[in-house]
Number of protein chains: 2
Amino acid sequence: MNIGKAAAASGISAKMIRYYESIGLIPEVSRTAAGYREYTDKDVHRLRFIWRARDLGFSVDQMSELLALWQDRGRASADVKRIALAHVAELERKARELMEMSETLSHLASNCQGDSRPDCPIINQLSKPCGCEEAVQSEGDKADSNQADRQE
Amino acid sequence: MNIGKAAAASGISAKMIRYYESIGLIPEVSRTAAGYREYTDKDVHRLRFIWRARDLGFSVDQMSELLALWQDRGRASADVKRIALAHVAELERKARELMEMSETLSHLASNCQGDSRPDCPIINQLSKPCGCEEAVQSEGDKADSNQADRQE
DNA sequence: TATAGACCTTGCCATCATTGGAAGGTCAAG
DNA sequence: CTTGACCTTCCAATGATGGCAAGGTCTATA
């Protein structure tokens with residue numbers, strides 16, 4: 001099967017398949033006399049593995065480790081679990097980071113009239129002169145009000 | 001004030017200040033006879049604005065719009081709010097995406113013994129042959145489940 | 001058989017925001 | 001005057017992906 005078929009079968013673009021080969025994530029496959037790459041079902045199976053791992057947000061390096069463990073009959077599931085949980089922690093960290101931004105901004109926006117006048121708590125917050133503590137609290141997350149948010 | 005001082009005062013690295021200047025996010029500042037950039041308090045104030053916007057995850061393009069609105073005495077707060085809310089939606093989308101990955105993986109990991117044996121639901125899931133919808137089996141989860149078919 | 005068009009090959013560029021480094025000039029303290 | 005910290009510009013790399021170009025190959029059809 002050529003690279004186009006392998007791409008369609010695996011869900012990974014031909015471009016990315018060549019890229020993964022170039023960086024050594026997957027082995028070089030055999031070529032036809034004309035130089036076309038030839039993929040076996042086994043190769044496609046590996047690509048699908050990568051496709052799923054990628055879908056879970058694993059990096060190329062992590063996928064490389066996972067592929068090695070997959071191949072390793074003597075693997076310890078603890079090794080797989082460790083990689084997975086480290087990734088979960090990272091995903092959660094990033095998600096929290098995004099949610100903090102979102103909440104801060106959402107709060108500011110909720111206090112913005114959104115009309116034709118220039119006064120705006122979002123702009124006010126961004127233009128504050130220093131990084132003083134009275135900035136929007138993202139870590140403390142005190143639920144207690146400060147609704148009005150001194151928007152001068 | 002030279003770029004190093006401006007960087008320290010604004011929280012943005014000298015490297016990034018030069019970059020922001022090169023792409024036109026901030027105007028070119030005056031230079032000393034020796035070619036050193038000179039920053040005024042106003043310049044630093046603008047850099048702090050950028051620092052805060054960046055901290056909220058705004059892209060350079062969005063910051064450019066926000067800076068223009070900041071400078072615009074006749075701005076409509078609705079324009080600011082629109083940008084902010086669009087960004088909130090994007091942040092939430094990304095956060096949800098990460099959380100979905102995290103939850104899927106977390107669930108798989110919770111069913112993994114994490115011992116010295118090779119059987120592992122995480123590897124099993126990744127190695128499934130097709131994109132079938134029979135997601136992860138829940139708590140009940142037969143531990144006997146299909147051994148990941150390795151390639152060899 | 002000739003040809004069109006779909007596919008393959010390699011290689012380079014672009015993204016986005018940021019960091020790093022090299023080579024060379026400048027400034028301030030000792 | 002030296003030293004070291006700073007500044008300047010330019011170039012490169014990151015990670016994962018898409019795009020394009022130039023050229024070769026395969027396949028179906030006229």
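The basis for the numbers below is simple: all heavy atoms, side chains too, and nothing from hydrogens, waters or symmetry mates. Throughout, protein chains are lettered first and strands after them, A, B, ... in sequence-line order, and every chain is numbered starting at 1.
Remark: B:Ile12 CD1 to B:Arg52 CZ distance equals 11.0 Å, nearest 0.5 Å.
In this structure, the CZ atom of B:Phe58 is 13 Å from the P atom of C:dA17, given to the nearest Å. Between the C1' atom of C:dA28 and the CG atom of B:Asn2 lies a distance of 12 Å, rounded to the nearest Å. Rounded to whole Å, atom C1' of C:dT10 lies 16 Å from atom CD1 of A:Ile17. Per the geometry, CG belonging to A:Asp61 stands 10 Å off C1' belonging to D:dG15, to the nearest Å. Atom CD in B:Glu21 sits roughly 17 Å away from atom C1' in C:dA17 (whole-Å rounding). One interatomic measurement links the two molecules: CH2 of B:Trp51 to P of C:dT18, which rounds to 13 Å at whole-angstrom precision. A:Lys5 has its NZ atom 8 Å from the P atom of C:dC8, to the nearest Å. If you take CD of B:Glu38 and P of D:dC6, they are 18 Å apart, rounded to a whole angstrom.
Of all nucleotides listed (C:dT26, C:dT9, C:dA17), C:dA17 comes nearest to the side chain of B:Met16. Closest to the side chain of B:Val60, out of C:dA17, C:dC27, C:dG11, is C:dA17. Here the nucleotide nearest the side chain of A:Tyr19, chosen from C:dG25, D:dG24, D:dT17, is D:dT17. Minimum atom distance to the side chain of B:Ser13 is reached by C:dT19, of the listed C:dT19, C:dT18, D:dT9. You'll find that the side chain of B:Arg31 is closest to D:dT8, out of D:dA16, D:dT8, D:dG24. Ranking C:dT18, D:dT17, C:dT26 by closeness to the B:Ala34 side chain, first place goes to C:dT26. Residue A:Lys15 places its side chain closer to C:dG11 than to any other of C:dA17, D:dA16, C:dG11.
Remark: aromatic rings of A:Trp51 and A:His45 are distant, center separation not under 6.0 Å.
Here A:Thr32 lies out of heavy-atom contact (under 4.0 Å) with every strand. Using a 4.0 Å heavy-atom cutoff across all strands shown, A:Tyr20 reaches sugar-phosphate atoms only and no base atom. Among the atoms of the strands shown, base atoms are found under 4.0 Å from some heavy atom of A:Arg18. Counting any heavy atom pair closer than 4.0 Å across all strands shown, B:Arg54 reaches sugar-phosphate atoms only and no base atom.
Judged by closest nucleotide on DNA chain D, B:Tyr36 is the one of A:Met63 and B:Tyr36 placed further toward the 5' end.
Panel note: side chain B:Ser106, backbone B:Glu103; no donor-acceptor pair is recorded below 3.5 Å.
Between D:dT9 and B:Arg37, a contact under 4.0 Å exists linking OP1 or OP2 to a side-chain N or O.
The neighbour count for B:Asp72 CG, taken as heavy atoms of other residues, nucleotides or ligands under 6.0 Å away, is above 12. The environment of CD in A:Glu28 is sparse: at most 12 heavy-atom neighbours from other residues, nucleotides or ligands sit within 6.0 Å.
Looking only at side-chain heavy atoms (C-beta outward), B:Asp119 and B:Gln113 stay at 4.5 Å or farther from each other.
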